[in-house]
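Report on the structure given below.
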Number of protein chains: 2
Amino acid sequence: MMVTAVKTRKRTLKAKAPVKTRAAILPPVHDLPPVHGLPVNQILKGDCIEMMRSLPSASIDMIFADPPYNLQLGGNLARPDGSHVDAVTDAWDQFDSFAVYDRFTREWLSEAYRLLKPNGSIWVIGSYHNIFRLGTMLQDMGFWILNDIIWRKTNPMPNFKGTRFTNAHETLIWAAKSEKAKYTFNYRAMKTLNDELQMRSDWVLPICSGKERLKRNGTKAHPTQKPESLLYRVVLATTNKGDVVLDPFFGTGTTGAVAKRLGRHWIGCEREDSYIEVANERIELALPLDESALKTMQSKRAAPKVPFGSLVESGWLAPGAVLTDKKRRWQAIVRADGSLAVGQDTGSIHGMGTKVQNAASCNGWTFWHYQDKDDAKNDLKPIDTLRQRYLLAIED
Amino acid sequence: MMVTAVKTRKRTLKAKAPVKTRAAILPPVHDLPPVHGLPVNQILKGDCIEMMRSLPSASIDMIFADPPYNLQLGGNLARPDGSHVDAVTDAWDQFDSFAVYDRFTREWLSEAYRLLKPNGSIWVIGSYHNIFRLGTMLQDMGFWILNDIIWRKTNPMPNFKGTRFTNAHETLIWAAKSEKAKYTFNYRAMKTLNDELQMRSDWVLPICSGKERLKRNGTKAHPTQKPESLLYRVVLATTNKGDVVLDPFFGTGTTGAVAKRLGRHWIGCEREDSYIEVANERIELALPLDESALKTMQSKRAAPKVPFGSLVESGWLAPGAVLTDKKRRWQAIVRADGSLAVGQDTGSIHGMGTKVQNAASCNGWTFWHYQDKDDAKNDLKPIDTLRQRYLLAIED
DNA sequence: CCTATCGTTGAATCTGGTC
DNA sequence: TGACCAGATTCAACGATAG
């Protein structure tokens, strides 16, 4: 079996281009010592299992794998405005059964196990369609799970038909090769990145869009391109400078681009020519992360928004409680879902405030009041004071 | 095999207690129709698998299960043949203990599958130690996963050693009994609860602490008591009033307390006397919500259907009236039979909306607009507002 | 140049009743 | 069981265009 190494174009060639790119102007940032016996900083073209078999055992420091999710989609899906949703229907995501998917998974995970150094670690990412199978198989193969990480998307696609909860996250699993392994975890770097608080297992990051999203002929080059901010955190947390990172499902090369920026070696496996081409161009141009990408890496410390319903389900205000305005002109009953009922009319705290006053708008938090039982005087307090207390209670 | 029903104490008994509880003073608010052939609103004392075997097939609307997941951590673990399993030291033992855990899981999940009604659904909760095995087994048994939900803890325990990411979440899986099942999802109630945004798959809720955390002799009564807010959302989202909710790992009865409050029947399985005692006391004190508070915002799907023709024959819209789309690109004439005419073409409000836009489908109620005479500004309103008024008018 | 509005789009297991 | 059709259903971010 032949390994075809598709090298990224040489910097010297790029410098002759008529328009100087920033990559051509800037000096190379890292000067890493070479790695012997490994085809580093290349894309290996071909089936990932075969490509991995061509590499020597115990040679890789970290593996990041974004395998097919095995989505099992029904027919076409339309948005409420009638437009068509461009779904992931590529051949590479089609498997006949869980058994077929499991066999495929076991094969590439076996190679991953062999390739990892004893103290190396692996990351896999998936959704509920496949992540449970990945996790089970990791455990059965002797990997030792260190964390499951939730990527909470700030801007997920909604559930257009209102049939389920909005699927607003993906799950990553981080595992060592054994229970006793001395894996790399850059605790200090993570804490710094997170405003001096321990980095948690839930990461709030936007999906990959805008200028970061790679395009070919005006359409997305890859259906499931991951954001660089996600890989940045993964690579920074669990590798050291000069380490070798392997991505068996390289796609458009997010892992390679981030590894290059952070001074790590990378190896990618990819079958599709079109992805390889895009990835090589991208990595060649890889620069220090741009402003917007850096910004998303910092934690967001803004106070969380509190839906009125949270007060109800957390028991701060019981369904059935009576709210009034400050002058007790109107009464409203709190209902189980956090809506208010005024006579036959129902709606949100803001909507009902607007309605009873026949106003253009209304801030329900300050308009509606409740009677505090602990208060001897029959004073009314705006429900906003409950929100303040709730915020204090849930504060980290 | 005997089923021991440990009933919650009767209200009349409670009334004789020296200290009157709130539950004793208030009249019972719900009057749920009885459920025949099921020991509802009781704790079944004993092994959960045996208890579940005593219940009839296809009798349960929703199952919430918080199974133990410390089995592989070196506690006393017995193989099915009774022999002792040594503490987990290597991958083989680890695999061995997973096999035991899997067998246990398969047994109670089989019973859960049998007990669920065809359109019922199941919730399981766990951490990375066991959730992947639960998810895989659910899929292998034919359950159809609807969502995985992340309970994002606002106040998790820090990782004291700084060796990993702070484990700040737990994972829930929500699954139907089959792909085609018509499961219950109260979309509108969830949207209302979340300030008019779709409820997402990541839920931010505090852990159970403070006054809610049940104590015995000054220490926590149960090591993993779940917050009521979590169960509140689960029960409100995926059951209807009067449904039967089963919790095979009842513990201190959070599921029962919330079910009672929300007007659902509950059944709990629990082995430990101390938990049963605490749970019964707690549920006895839980206050059911009254009818009006229990009501939630209804989706249009649940509202009675209004044929467009009804608006015409009731005089809300005269034959000959002119409808347009929002941007006045197309005009349609209302005809006496409730059909629309656009030029020579005629059809339903939906059909004509579809046709003029050359779209795949169209909701005529929101597409077609009329001009309100009472409105001084020449604003167009969707004919859906007429339907809303009609619905209010015919409501008694 | 700034702001408002409109159109587009993203790993999605995405309707239900009747004939 | 499949075809038909009434009708319910979306959030955040980005880019282009208009004012």
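Numbers restart at 1 for each chain; the letters A, B, ... are given by sequence-line order, proteins then strands.
Screening B/T184, B/L116, B/N240, B/V234 for a side chain to side chain contact (heavy atoms under 4.5 Å, CB included) with B/M62, the sole residue that qualifies is B/V234. Screening B/Y113, B/F64, B/F143 for a side chain to side chain contact (heavy atoms under 4.5 Å, CB included) involving B/I122 leaves a single residue, B/F143.
Using a cutoff of 4.0 Å between basic side-chain nitrogens and carboxylate oxygens, B/D140 and A/R133 are scored as salt-bridged. Taking the charged nitrogens against the carboxylate oxygens, A/D337 and B/K191 have no contact shorter than 4.0 Å, which rules out a salt bridge. For A/R152 and A/E170, the salt-bridge test fails: no basic side-chain N is under 4.0 Å from an acidic carboxylate O. Electrostatic pairing of A/E228 and A/R282 counts as a salt bridge here, judged by a charged N lying under 4.0 Å from a carboxylate O.
Taking atom C1' in both C/dA11 and D/dG15, the straight-line distance is 23 Å, to the nearest Å. A distance of about 29 Å separates the P atoms of C/dT13 and D/dC5, rounded to the whole Å. When the C1' atom is compared between C/dC6 and D/dT10, the two are found 16 Å apart, to the nearest whole Å. Nucleotides C/dC1 and D/dA18, compared at atom C1', are 14 Å apart to the nearest Å. Nucleotides D/dG7 and C/dC14 have their P atoms positioned 23 Å apart, rounded to a whole Å.
For DNA chain D, the neighbouring residues in residues 342-352 of chain B, judged by any heavy atom under 4.0 Å, are B/S348, B/H350. Near DNA chain D, meaning a heavy atom under 4.0 Å away, there are no residues from residues 332-339 of chain B.
Remark: C1' of D/dC11 and CZ of A/F165 are 17 Å apart, rounded to the nearest angstrom. In this entry the distance linking CE of B/M199 with C1' of D/dT10 reads 16 Å, nearest Å. B/R188 has its CZ atom 12 Å from the C1' atom of D/dA8, to the nearest Å. One can place CG of B/N186 at 16 Å from C1' of D/dA8, the figure rounded to the nearest angstrom. Going from atom CD of A/E170 over to atom C1' of C/dA12 covers 11 Å, rounded to whole Å. Look at CE on B/M297: it is 12 Å from P on D/dT9, rounded to the nearest Å. As rounded to whole Å, 13 Å separates atom C1' of D/dT9 from atom CZ of B/F185. Nucleotide D/dA8 holds its C1' atom 10 Å from the CG atom of B/D384, rounded to whole Å.
For the pair B/R387 and D/dA8, the criterion of a side-chain N or O lying under 4.0 Å from OP1 or OP2 is met. Within the 4.0 Å cut-off from OP1 or OP2 of C/dG10, at least one side-chain nitrogen or oxygen of A/K220 is found. OP1 or OP2 of D/dT10 lies within a sub-4.0 Å distance of a side-chain N or O belonging to B/K191.
With hydrogens and angles left out, the side-chain atoms of B/Q198 and B/N194 include no donor and acceptor closer than 3.5 Å. For the 3.5 Å distance criterion, the side chains of B/W174 and B/S121 qualify, holding a donor opposite an acceptor. B/R328 and B/T324 are not linked by any side-chain donor-acceptor pair at a separation below 3.5 angstrom, with hydrogens and angles left out of the test.
A/S127 comes within 4.0 angstrom of nothing in the nucleic acid, heavy atoms only. In this structure, A/D90 reaches neither bases nor backbone, as no heavy-atom distance under 4.0 Å exists between it and the strands shown. Using a 4.0 Å heavy-atom distance criterion, A/P67 is classed as a base contact.
Between A/F95 and A/Y101, the two ring planes are perpendicular [angle over 60°; tilted spans 30° to 60°]. Between B/F132 and A/F132, the angle of the ring planes lies from 30° to 60°, which puts this pair in the tilted group. The aromatic rings of A/F165 and B/F185 lie perpendicular to each other, with more than 60° between the two planes, well past the 30° mark.
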(message) Output one letter per nucleotide in nucleotides 12-19 of chain D: B when a protein non-hydrogen atom lies under 4.0 Å from the base, S when only the sugar-phosphate is that close, - when neither is.
(response) SSSS----

(message) Across nucleotides 13-19 of chain C, 5' to 3', mark each nucleotide with B, S or - according to how protein heavy atoms within less than 4.0 Å reach it.
(response) BBS----

(request) Could you go through the ring pair (Phe, Tyr, Trp, His ring centres under 6.0 Å) check for A/H169 and B/W151 one step at a time? (result) CA-CA 12 Å; A/H169 73 275; B/W151 168 26; over 10 Å; no

(message) As a quick check of understanding, evaluate salt bridge (charged side-chain N to carboxylate O under 4.0 Å, His left out) for B/R188 and B/E196, giving each step before the final call.
(response) CA-CA 9 Å; B/R188 204 64 194 72; B/E196 290 305 307; 3.0 Å; yes

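The side-chain hydrogen bond (donor to acceptor under 3.5 Å, both in side chains) test applied to B/R200 returns B/D202, not counting sequence neighbours.
Geometrically, A/R233 engages A/W203 in a cation-pi contact, judged by NZ or CZ lying under 6.0 Å from the ring centre and within 45° of the ring axis. In this structure, B/R389 forms no cation-pi arrangement with B/W316, as its terminal cationic atom is not both closer than 6.0 Å to the ring centre and no more than 45° off the ring axis.
At least one donor-acceptor pair under 3.5 Å links the side chain of B/Q357 to the backbone N or O of B/G353.
Secondary-structure stems of DNA chain C, taken as three or more successive Watson-Crick or G-U wobble pairs (i with j, i+1 with j-1) under a 3.5 Å distance threshold, comprise C:2-10 with D:11-19, C:15-19 with D:2-6.
With a glycosidic angle no more than 90° from 0, C/dT13 adopts the syn conformation.
A donor-acceptor contact under 3.5 angstrom links the side-chain atoms of A/K226 to the base of C/dA11.
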